[in-house]
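Some notes on the structure that comes next.
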Amino acid sequence: MNLILLGPPGAGKGTQSVLLEKRFDIPQISTGDMLRAAVKSSTPMGVKAKAFMDAGDLVPDEVVVGIVRERLQEPDCADGFILDGFPRTVAQADALKESLEQLSKKLDAVVSLKVDTDALVERLTGRRTCKSCGKGFHLKFDPPTADGSCSACGGELMQRDDDHEITIRRRMDTYDQQTAPLEDYYRKDELLLPVNGMGAIEEVQKDIISGIQAS
Ligand code: AMP
């Protein structure tokens, strides 16, 4: 099963792809996670990517295309993969098409998560992660302990640098201008599967799975 999860920041791509990873036993490939890991360990790629990420802009196509191309060749992608946050431009989608052709693989579906803008901002501004164990929280929907620490390990929580409101607005504009055109791109390829992302996590997951199975 070869899937793409498409949707604006905060649509739930990460949450849903982790569940799909378990359900289908195929790896989630998140370019955002890979880039954040590179920033954290200050690799040359991370150093280059950081300024773009902090500004809410896209990292140049050649950087992300290279990391995804390499990742898709890993043995754990043999039975499938879930791309989360890639492609984000038409150039990336074209590069992906070429890579998949070379690997004799085909996409099965492009799940497009639909969420209202106000809900996206609320989801992102409340998002927190534990510095020690990486567990995710939301101040309103999935709150940590009363003193604001991690309920799993007691660690300190942090907010992603790009989850502050000004950067969030910028990331949304970037999505509208550069990524939203991919909906038409994949509709033309008869791969687009629009899913209402406003419901509870389990409901959205159910809709994704039934949509994939029907397609
Ligand atoms: P995400 O965690 O998917 O929201 O990604 C966080 C940030 O990483 C984005 O705002 C971009 O700066 C960068 N990024 C992630 N994936 C891509 C991509 N496919 N193309 C360009 N930049 C990306």
Side-chain angles (χ1 to χ4, degrees), residues 2-21 27-72 77 81-100 107 110-113 115 117 119-130 134-138 158-183 185-186 197:
N2 300 328
L3 300 173
I4 291 177
L5 282 199
L6 196 63
K13 300 185 297 295
T15 305
Q16 293 299 332
S17 50
V18 167
L19 294 174
L20 290 169
E21 178 175 46
Q28 171 215 22
I29 301 175
S30 158
T31 41
D33 285 351
M34 289 157 107
L35 289 167
R36 276 185 290 279
V39 170
K40 203 171 170 191
S41 40
S42 299
T43 65
M45 184 179 77
V47 171
K48 191 171 171 190
K50 187 174 182 338
F52 294 99
M53 295 172 77
D54 286 349
D57 290 333
L58 294 184
V59 172
D61 287 335
E62 61 275 15
V63 175
V64 276
V65 162
I67 54 175
V68 172
R69 188 173 287 148
E70 276 179 27
R71 183 67 187 84
L72 289 175
C77 293
F81 53 80
I82 305 150
L83 284 170
D84 159 9
F86 181 93
R88 262 171 148 109
T89 63
V90 169
Q92 291 179 19
D94 285 340
L96 176 65
K97 215 173 238 180
E98 199 186 304
S99 295
L100 292 177
L107 289 171
V110 177
V111 176
S112 171
L113 290 172
V115 177
T117 306
L120 293 174
V121 174
E122 188 179 35
R123 285 182 182 187
L124 291 169
T125 49
R127 194 155 76 166
R128 298 290 184 277
T129 313
C130 175
K135 184 173 164 54
F137 295 91
H138 191 281
M158 60 166 197
Q159 186 172 27
R160 252 172 67 169
D161 287 341
D162 59 355
D163 273 350
H164 297 280
E165 190 152 350
I166 292 180
T167 318
I168 289 171
R169 298 275 176 199
R170 173 84 187 156
R171 287 162 66 203
M172 288 184 179
D173 288 347
T174 304
Y175 181 85
D176 288 341
Q177 288 160 19
Q178 303 198 55
T179 311
L182 292 182
E183 292 188 29
Y185 183 103
Y186 287 117

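In listed order, ligands and their atoms are each counted from 1. The analysis underlying the following values was restricted to heavy atoms, covering all of them including side chains, and did not include hydrogens, waters or symmetry mates.
- Judged purely by atom type and a 3.5 angstrom limit, Gln28 has no side-chain atom pairing as donor or acceptor with the backbone of Ser17.
- To the nearest 0.5 Å, atom CZ of residue Arg170 and atom OG1 of residue Thr174 are 4.5 Å apart.
- No donor-acceptor distance shorter than 3.5 angstrom exists from the side chain of Lys13 to the backbone of Gly85, with no hydrogens or angles considered.
- Put simply, the side chain of Thr179 does not reach to within 4.5 Å of the side chain of Arg171, judged on heavy atoms.
- Closer than 4.0 angstrom to ligand 1 by heavy atom are Thr31, Gly32, Leu35, Arg36, Met53, Asp57, Leu58, Val59, Val64, Gly85, Phe86, Arg88, Gln92, Arg160, Asp162, Arg171, sorted by chain and number.
- Rounding to the nearest 0.5 Å gives a distance of 12.0 Å between CG of Asp173 and CD1 of Ile168.
- With values rounded to the nearest 0.5 angstrom, Gln16 atom CD is found 7.5 Å from Leu5 atom CG.
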